[in-house]
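Numbered from 1 within each chain, the chains take letters A, B, ... in sequence-line order.
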Amino acid sequence: MAKKKIGRREFIKSAGTVGLGLGAAGLLGSSVKVRKATAAQTRSNPKTPIKLAAISFLTGAAASPFGIPGNNTYKMLADVINREGGILGRKIDLLSYDEAGGVDAQVKLCRKLVLDEKVDVILGYISSADCKAVLPLSDELGGLIMAYDCGTHVLMEGDKSPYKVPKYTLGFRTKAHLGIDNIGLAFMVKKYLPDIKTIAGINPDYAWGRDSWLIFETAMKKLMPHVKVVGTWWPPLFTTDFTAHISALMGAKPDIVHSALWGGDSVTFTKQAMGMGFFEKSKMAFSRGEPYPQEVGKDYPEEQLICCAGTHYFLYPPHDKWPLNKWFVEAYHKRYGKYPTYPCYHAYQAMYTYKHAVERAAALVGGWPTIEEIAEAAVGLSIQTPSGHLMIREDHNGIEDVLLGFSKKVPEFPFPILDPRRLEVFPAHMVNAPVGVRTVDWIQGWKV
Amino acid sequence: MWPIYILNGLYFAALIFLISLGLNIILGVMGILNLAHGSLYAIGAFMSAWMIVALGKGAPMFLIYPSLLSGVVLAAFFGLFMEYFLIRPMYKRALEYQLLITFGALLLLEDVIKMIWGGEAYYASRPFDVLGKIHILGNPYPAYFLLVMIMALIAGLLIWIFMYKTRIGVMLRAISLDREMATALGLNIHKMGTFAFVLGSALAGLAGALVVPTTPALLGFGMEPLILAFIVVVIGGLGSLKGALAGSLIVGQTRSIGIVLFPEIELALLFLIAAVILVAKPEGLFGR
């Protein structure tokens, strides 16, 4: 009799313990399924507009060739997406902001947008200096930030290889970094200009310029170790007078000059160099040269080595093979009277990474996702873009192939295009360091 | 290439000379350090650029070059406006008030430029393109740069003749040498001051107008010339025309040759020279 009593009590006790344990495990464990089940029941499906902040240079040297095309693309795509019903039925309320004013101003603006305005996402930043300052704010303030254009490779890299990824939970860069441009240039120089003996560099004196030259020099030392660097010049960003630099470059007599000058600096440099006879004796290797033949016009010199910051070019992929590029180029040209350039393609990538990440996260959670869920869904996302494909890796960087070519005048266009006979595309695995490996370490580990 | 480096230095010196000459005239006659001087340079540049762009690609050359003068006129006008409304009430106040007022004018003028001409860059390179290149000892060199040097030389000569050979010029120099005595002798300080301010502003506007065919007119691009003009004043001496010439030549050549020989420290080099002069001869090379 006593045994039976104990047996029942024991049974109830152990059943209770097991039950409590299961309940606790269910509550405490990564009960995503449980959370999802309850979430699905209580998840909201708001219909209010999505507050999307787009930040680009709208004034200053970088505006006309760069920030304004980027912002124009955001406007065009917001209209397209809204016409198609928005993202999960929510229209995009596009708020454009100016990236001018320096790093301090951008940090202040970011705080205001995340904390006061409570925007859903920030798609922004062209300047590497701004990105480096703002991206840490994504986790600090709890705001989703997708850097759409800045290029410095150190943004997401650690101090040594291997480094932990991702660096920021809520911070992304929806494009590949400057590694692809400068490694691609080195490959092109080796293939098409194997006889050169000397190189020089003229790069803006901040993270972007210094890092671009570092990667190019490291790759060149590996691929063509006999080539000598005859000089490097570092004009401040937004310099307006390159005349002394141009003369100094001409005096150093390099076979080719590397440059990561961008925006107005690139246009001003090219125009001044044209006027000073620079291109009679030297040629340039522009790591981000793709927009400038259109900006400078028909007098832009031929035979300049130009990289497209990815495979972003209005003529590539060819329109017969890749209808999305055809659509994008025609829609942009119709609305703005110019062909889209790489800031435009980058804006597309940022906008559609956000859209697809939201849609993917929403399918998993059954309603409008939180920013953490959107960030989780963005990793591993592979989307079609007008330039081909973009993949967002676990280090929160985009991974892309890279397109390079030489400028050539043709009768069909009022500015030089990239010579179709010497267009090269290097695949992503040749120009992007593997996850967790620093780009410099990766290059130095190559066997050539 | 050394002849080219020297010529670059002279081209740069020519522009800085015009800006610092204007600054020195205002400083010498009125004792006012005009922090908004760079903004007047920018106004000259924007106005000239806008005019050239507005005239269009097909406009004849006899219209294009004189249109650069529109920048000079507008800068002079803004100078007049500034002097009457901002500087004149501050004459008797301490130096700090004048610095604050002119700094405020600098910020104000930046926004005025943005309001009138927008935020984008203005390229107006036709006056530069049409003159083409000449060859100097086998090296190509833009003819437009030589034109700028000639214009700066002419302006410098005219100012020198004006200052030393005309009655008004003598009066201006008298005021700058001894203000009280000049007043006692019955010179109209206020009218002379206004004249000097307008003249100085016009020179800044001329520098802006001359630079715009080679470099784009951009928001904020008056800052660097302002700083360089201050360095010239430190090196050459406050209020001295000879000092403005000597200082500009030193600054121009240092920049040009510094970029060739010491590219990493191009900006630091100039400040270093200014620091040396401040320590060795604080009143500047030709200062009083």
Side-chain angles (χ1 to χ4, degrees), chain A residues 57-68 98-102 200-203 205 210 230-253 263-281 295-297 299, chain B residues 1-9 11-12 15 45 110 113-114 117-123 125 128-129 131-136 139-145 211-225 252-267:
Chain A
F57 284 102
L58 302 176
T59 57
S64 168
F66 220 91
I68 290 179
D98 193 352
E99 196 179 337
I202 178 164
N203 290 287
D205 192 10
R210 293 272 174 186
V230 293
T232 53
W233 282 269
W234 306 100
L237 182 61
F238 305 142
T239 292
T240 49
D241 185 355
F242 293 97
T243 48
H245 303 88
I246 293 166
S247 293
L249 275 168
M250 287 166 77
K253 296 195 188 13
D265 294 7
S266 189
V267 177
T268 306
F269 173 85
T270 306
K271 285 187 162 178
Q272 288 171 354
M274 278 157 56
M276 292 177 71
F278 173 85
F279 295 105
E280 291 169 20
K281 309 243 162 110
E295 287 295 312
V296 173
D299 295 325
Chain B
M1 283 298 290
W2 279 94
I4 302 293
Y5 302 148
I6 307 277
L7 280 172
N8 281 343
Y11 162 71
F12 203 67
L15 291 168
E110 279 301 305
I113 290 172
K114 198 167 165 184
W117 288 290
E120 294 185 33
Y122 277 80
Y123 288 92
S125 57
F128 177 86
D129 295 334
L131 288 179
K133 296 188 269 289
I134 59 171
H135 280 79
I136 298 175
N139 295 303
Y141 198 69
Y144 183 77
F145 288 174
V211 91
V212 99
T214 64
T215 77
L218 279 175
L219 285 180
F221 89 132
M223 296 297 170
E224 203 198 328
Q253 292 301 345
T254 303
R255 189 173 182 271
S256 176
I257 294 167
I259 284 178
V260 175
L261 296 176
F262 308 108
E264 287 276 0
I265 56 164
E266 51 167 283
L267 272 178

query: Which bit of B:Leu219 is near chain A, if near means a heavy-atom gap under 4.5 Å: side chain, backbone, both or neither?
result: side chain
Residue part contacting chain B, namely of A:Leu249, when any heavy atom lies under 4.5 Å: neither
query: Has A:Lys271 got its NZ or CZ under 6.0 Å from the middle of the six-membered ring of B:Tyr123, at an angle within 45 degrees of the ring axis?
result: yes
Which residues share a side chain to side chain donor-acceptor pair (under 3.5 Å) with A:Asp299, sequence neighbours left out: none
- prompt: Using non-hydrogen atoms only, which part of B:Phe12 is less than 4.5 Å away from chain A: side chain, backbone, both, or neither?
  reply: side chain
message: Do A:Thr59 and A:Asp98 pair up side chain to side chain, a donor and an acceptor below 3.5 Å, judged on atom types alone?
response: yes
query: Among A:Ala61, A:Gly275, A:Pro65, which has the most heavy-atom pairs under 4.5 Å with chain B?
result: A:Gly275
field: Part of A:Pro236 within contact of chain B (heavy atom distance under 4.5 Å)
entry: side chain
message: Would you compute the distance between atom OG1 of B:Thr214 and atom CG of B:Asp129 and round it to the nearest 0.5 angstrom?
response: 10.5 Å
- prompt: Just by distance, with hydrogens left out, do B:Asn8 and B:Tyr141 show a side-chain donor and acceptor under 3.5 Å apart?
  reply: yes
- prompt: Among A:Gly277, A:Ser247, A:Gly251, which residue forms the greatest number of heavy-atom pairs with chain B at distances under 4.5 Å?
  reply: A:Ser247
